[in-house]
Amino acid sequence: VSGEKEEASFRMLGADGEPEERRDVPESSGVSSQPEPQVQHQLGSLYGVPWQPPGPPIQHSPADQETSAVTQQQWHLQGLGRSELQAAGLPEAQLGEAAESSPSFLLGSEVGQPYSSSPPSEEVLSLLRAIPPIPDEVVVRQKRAPHGSWKVGTLLHGKRVYAVAISGSTHHVYTCGSGYIRVWDESALQAGDKAPQAQLDLQDPQDCVVTCKLFPDEQSLITGGASQAVTLWDLAPTPQVRARLTSTGPTCYSLAVSSDAHICLACFHGFVEIWDLQNQILIRKHEVPVYGSRCVDITGNIFWTGGEDTTLYSWDLRNYQRLHQHDLQNEILSLTHDPGEEWVLAGLRTSDIAFLHTRRNEQFKAVMKKYTRHHSLKFASCGSYFVTAIDTRLSGLEAPSLQKLFQIEESSGILCCDVSSDNQYLVMGSKSSAIVYQLLY
């Protein structure tokens with residue numbers, strides 16, 4: 001268990017493609033979205049102070065420069081030893097390049113220690129050569145990343161859309177905000193004046209949903225926000241409330257669901273509720289730093305919290321002990337992870353994105369160089385790209401190269417975003433509607 005803050009020394013990926021070491025200067029803190037008047041007090045009280053808009057933005061260099069500098073080969077080979085690289089069939093010349101291109105602090109058993117491995121014996125190499133090749137038809141290949149997007153429609157929610165979700169199996173969209181949730185079927189995605197398929201009224205008209213998560217099977221939705229409960233919804237055949245999980249805090253600011261949908265984490269001011277979703281039982285009310293409870297995410301047996309205090313905390317879900325704390329030196333506005341649950345991504349107030357490995361002491365930062373009020377992150381289910389929404393701009397970045405795939409500019413701030421599990425549609429929530437884009441391959 002680590003009781004001290006770890007150094008905020010990251011491998012920086014600058015827009016010019018050259019890595020550099022940088023220590024960030026903290027920006028001013030603040031809530032990352034502008035609530036409706038009727039829920040301003042509820043959302044502002046999450047941090048014990050009245051909600052107020054952030055100050056004027058700090059001037060930085062333009063944000064439309066591409067972030068790159070980690071190559072595909074570096075990303076995949078940085079954790080392999082020389083013997084494993086040889087077994088993978090790399091020529092001797094490329095072995096040297098792979099060793100040089102991977103930073104030594106990512107490879108050692110301890111930070112700063114270079115990796116070393118003795119070469120395999122001739123007997124081992126002969127056994128490896130004797131293994132028959134895998135037929136091409138059974139090789140699982142990574143899906144292609146999109147090269148562009150096309151705006152296909154607008155869903156008129158009527159109020160601010162604080163949270164949005166889209167299914168991949170049916171392409172239903174769920175837009176969430178104050179007073180109600182609206183459900184849209186696939187026919188509405190390409191028709192700007194189509195009425196919602198259903199409207200799910202919240203228990204109290206003053207309640208507001210600010211966070212939602214689809215279950216992996218896309219048959220259930222869980223929502224939280226400025227209300228006295230986290231609500232579990234059945235979506236098929238007709239959307240309806242399955243259960244209301246009575247909360248011990250006034251506002252749930254972030255939700256996370258485990259990959260098997262057995263556990264849900266609900267993040268409140270100063271604590272995280274851990275729920276058994278199958279039995280709808282509160283397992284534990286886990287205290288976390290008061291100003292480190294803006295966001296929550298879960299990867300395997302580890303859950304992560306972060307917020308205004310600029311520190312990303314990791315916790316063991318089995319014994320609830322704190323594992324590590326990483327000083328990111330800027331307020332954390334959002335958290336997400338890749339489908340393989342190897343990397344956690346943190347969206348920062350400066351619009352930078354911090355990448356931290358869930359099992360190894362590896363971390364780096366993509367520098368976007370722009371002060372932001374809103375920062376949403378979503379990793380595509382195929383794992384080949386993720387999207388980052390910063391104020392009015394959304395960008396699709398390839399993983400792992402961080403090459404910019406496409407960019408969308410909206411007239412109003414983007415409050416949330418989601419990508420369908422079949423990687424066909426992208427949905428963004430704004431001040432009164434949700435905008436739908438089809439991804440082009």
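Worth knowing before you read on, the calculation uses all heavy atoms, side chains too, and leaves out hydrogens, waters and symmetry mates. Predicted, not measured: the structure shown is a model, and the values here were computed from it.
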(request) Begin with the C-alpha distance, continue with both residues' side-chain angles, and end with the deciding distance and a verdict on ring-ring contact (aromatic ring centres under 6.0 Å, His included) for His269 and Tyr253. (result) CA-CA 8 Å; His269 182 53; Tyr253 219 60; 10.0 Å; no
(request) In sequence, state the C-alpha distance, the side-chain angles, and the governing distance for Leu394 and Tyr437, and then conclude on side-chain contact (heavy atoms from CB on, under 4.5 Å). (result) CA-CA 11 Å; Leu394 183 141; Tyr437 284 80; over 6 Å; no
(request) Anything under 30° is parallel, anything over 60° is perpendicular, the rest tilted; go ahead and classify His324 against His326. (result) tilted
(message) I need the minimum non-hydrogen distance between Glu218 and Ser167, along with the two atoms involved.
(response) OE1-CB, 3.4 Å
(message) Given 3.5 Å as the limit, does a donor-acceptor pair link the side chain of Asp217 with the main chain of Gln219, or not?
(response) yes
(message) With side-chain contact (heavy atoms from CB on, under 4.5 Å) as the criterion, how do Glu186 and Thr170 come out once you've worked through the C-alpha distance, each side chain's angles and the decisive distance to 0.1 Å?
(response) CA-CA 7 Å; Glu186 187 172 10; Thr170 61; over 6 Å; no
(message) Could you report the tightest heavy-atom contact between Arg144 and Tyr441, atom names first, then the distance?
(response) O-CE2, 3.2 Å
(request) Taking all heavy atoms of Tyr162 and all of Gly177, pick out the closest pair and write down the distance. (result) CD1-CA, 4.1 Å
(request) Please test Trp275 against Gln280 for side-chain contact (heavy atoms from CB on, under 4.5 Å), starting from the C-alpha separation and ending with a verdict. (result) CA-CA 7 Å; Trp275 287 90; Gln280 298 162 19; 5.7 Å; no
(message) Quick one: does any side-chain atom of Asp391 pair with a main-chain N or O of His374 as donor and acceptor, under 3.5 Å?
(response) yes
(message) Give me the atom names and distance for the closest heavy-atom approach of Phe406 to Ser149.
(response) CD1-OG, 3.9 Å
(message) Any side-chain to backbone donor/acceptor pair from Glu273 onto Thr248? Under 3.5 Å, distance only.
(response) yes
(message) Looking only at the side chains, is there a donor atom on one of Asp327 and Gln325 sitting less than 3.5 Å from an acceptor on the other?
(response) no
(request) Applying side-chain contact (heavy atoms from CB on, under 4.5 Å) between Leu214 and each of Ile222, Val257, Leu221, report the one that passes. (result) Leu221
(request) Go through the side-chain N and O atoms of Gln197 and His172 and say whether any donor and acceptor fall under 3.5 Å apart. (result) yes
(message) For the CD atom on Gln203, are there more than 12 heavy atoms of other groups (residues, nucleotides or ligands in this structure) within a distance under 6.0 Å?
(response) no
(message) Is any side-chain heavy atom of Ile408 closer than 4.5 Å to one of Met428?
(response) yes
(request) Measure the NZ-SG distance between Lys159 and Cys176 for me, rounded to the nearest 0.5 Å. (result) 13.0 Å
(request) Consider only side-chain N and O atoms of Ser430 and Glu410, and report whether a donor and an acceptor are under 3.5 Å apart. (result) no
(request) Determine the sole option in Leu335, Asp297, Thr305 for which the side-chain contact (heavy atoms from CB on, under 4.5 Å) test with Leu312 is passed. (result) Leu335
(request) Please work out which of the three classes, parallel, tilted or perpendicular, describes the rings of Tyr180 and His157, given edges at 30° and 60°. (result) tilted
(message) Taking Asp309's backbone N and O only, do any of them form a donor-acceptor pair with Arg294's side chain (distance below 3.5 Å, no angle check)?
(response) no
(request) Kindly say whether Phe268 contributes a backbone atom to a donor-acceptor pair with the side chain of Ser293 at under 3.5 angstrom? (result) yes
(request) Calculate, to the nearest 0.5 Å, the distance between atoms OG and CG belonging to Ser178 and Leu202 respectively. (result) 7.5 Å
(message) Test your reading of the model: is there a side-chain donor-acceptor pair from Thr372 to the backbone of Ser351, 3.5 Å cut-off?
(response) no
(request) Look only at the side chain of Thr358 and the backbone of Glu342, and say whether a donor-acceptor pair between them is shorter than 3.5 Å. (result) yes
(request) Take His337 and Trp343 through the test ring-ring contact (aromatic ring centres under 6.0 Å, His included) and record every step on the way to the result. (result) CA-CA 6 Å; His337 63 269; Trp343 294 91; over 10 Å; no
(request) Using modelled atom types only, decide if a donor and an acceptor are shared between the side chain of Ser334 and the backbone of His375 within a distance under 3.5 Å. (result) yes
(message) Check whether Asp276 reaches the backbone of Ile281 with its side chain - one donor and one acceptor, N or O, closer than 3.5 Å.
(response) no
(request) Give the C-alpha distance, both sets of side-chain angles, the deciding distance and a yes or no for side-chain contact (heavy atoms from CB on, under 4.5 Å) between Phe379 and Leu345. (result) CA-CA 9 Å; Phe379 224 110; Leu345 283 62; 4.0 Å; yes
(message) Using every non-hydrogen atom in the two residues, find where Phe215 and Ala261 come nearest and quote the distance to one decimal.
(response) CD2-CB, 3.8 Å
(message) If you compare all heavy atoms of Leu317 against all heavy atoms of Gly300, which two are closest, and at what distance to 0.1 Å?
(response) CD2-O, 4.2 Å
(message) Using a 3.5 Å distance criterion without hydrogens, assess whether the side chain of Ser420 forms a donor-acceptor pair with backbone atoms of Tyr425.
(response) yes
